[in-house]
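Here's the structure we're looking at; comments come further down.
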Amino acid sequence: MKIMNETRMTVVGKAEPTISQDGKSTYYRLACMQNGQATNLSVSKDVYDAIPEGLVGVRFITSYDDKYSSFRIDRLISIETVNGRPFEKSAPAEKDAGKGTK
């Protein structure tokens, strides 16, 4: 079962993309903080590229997949703040994880 939720958190940085051992896949992660705790969460390249530098207040659609015991960011809803100031540019709300743009 895949459980999805809207989550507000702060992105504090971007981890360097990692490439799979066979060289066919690249994995992207964001360093996220909520309630004083931080972790790296998997994201699609589209979401990774949409996040500006700095401390970024965001709203994501996140999911927990009990089949794989994984928690990840599936979609960017909006970027609300950057370094404590309102963010002016609208976020790509319809970009799903693992899917390219058409």
Side-chain angles (χ1 to χ4, degrees):
M1 172 186 239
K2 192 171 186 181
I3 301 168
M4 302 185 84
N5 191 41
E6 180 179 320
T7 307
R8 290 178 188 259
M9 59 181 67
T10 301
V11 175
V12 296
K14 294 180 176 183
E16 287 295 318
T18 56
I19 299 172
S20 62
Q21 289 183 342
D22 63 9
K24 294 181 181 179
S25 299
T26 302
Y27 301 100
Y28 300 90
R29 294 175 294 133
L30 295 176
C32 299
M33 184 171 65
Q34 185 181 57
N35 299 325
Q37 297 183 354
T39 191
N40 285 323
L41 296 175
S42 297
V43 297
S44 68
K45 182 179 184 337
D46 291 335
V47 172
Y48 183 89
D49 289 343
I51 302 298
E53 295 296 320
L55 297 176
V56 186
V58 295
R59 288 176 40 225
F60 289 126
I61 295 294
T62 55
S63 66
Y64 174 76
D65 190 332
D66 66 348
K67 182 177 180 181
Y68 301 104
S69 296
S70 67
F71 184 74
R72 65 173 288 120
I73 296 167
D74 283 313
R75 190 169 40 133
L76 174 62
I77 298 172
S78 66
I79 298 171
E80 298 179 342
T81 61
V82 177
N83 296 325
R85 295 183 179 198
F87 186 67
E88 299 298 322
K89 187 177 177 184
S90 62
E94 294 304 316
K95 299 216 180 217
D96 289 327
K99 298 179 182 176
T101 58
K102 293 183 181 182

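Remember, predicted model here, so these are calculated numbers, not experimental data.
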For [X], give me all partners under side chain to side chain donor-acceptor pair (under 3.5 Å), at least two apart in sequence or on another chain.
X   : value
D22 : S20
Q34 : none
S42 : none

So which heavy atom on [X] is nearest to which on [Y], and how close?
X   : Y   : answer
T26 : P17 : CG2-CB, 3.7 Å
A50 : L76 : CB-CD2, 3.8 Å
I73 : C32 : CD1-SG, 4.0 Å
V56 : I79 : CG1-CG2, 3.6 Å
R72 : V43 : NH2-C, 3.5 Å
T18 : R29 : CG2-NH2, 4.3 Å

Minimum side-chain heavy-atom gap [X]-[Y] below 4.5 Å:
X   : Y   : answer
F87 : T81 : no
V58 : M9  : yes
L30 : Y48 : yes
F71 : T39 : no

Supply the atom-to-atom distance [X] [atom1] to [Y] [atom2], rounded to the nearest 0.5 angstrom.
X   : Y   : atom1 : atom2 : value
S44 : Y27 : OG    : OH    : 14.0 Å
M4  : D74 : CE    : CG    : 4.0 Å
T62 : I3  : OG1   : CD1   : 10.5 Å
T10 : E80 : OG1   : CD    : 9.5 Å
R8  : I77 : CZ    : CD1   : 8.5 Å

Quiz item: Passes side-chain contact (heavy atoms from CB on, under 4.5 Å), F60 versus V47? Steps please.
Solution: CA-CA 10 Å; F60 289 126; V47 172; 3.9 Å; yes
Mark yes or no for whether [X], through its side chain, and [Y], through its backbone, hold a donor-acceptor pair below 3.5 Å.
X   : Y   : result
D65 : K67 : yes
K2  : S63 : no
D66 : M1  : yes

Quiz item: Are V82 and L55 connected in the hydrophobic side-chain network, where two residues link if heavy atoms are under 4.5 Å apart?
Solution: no
Self-check item: Flag if over 12 foreign heavy atoms under 6.0 Å of CD, E6
Solution: yes
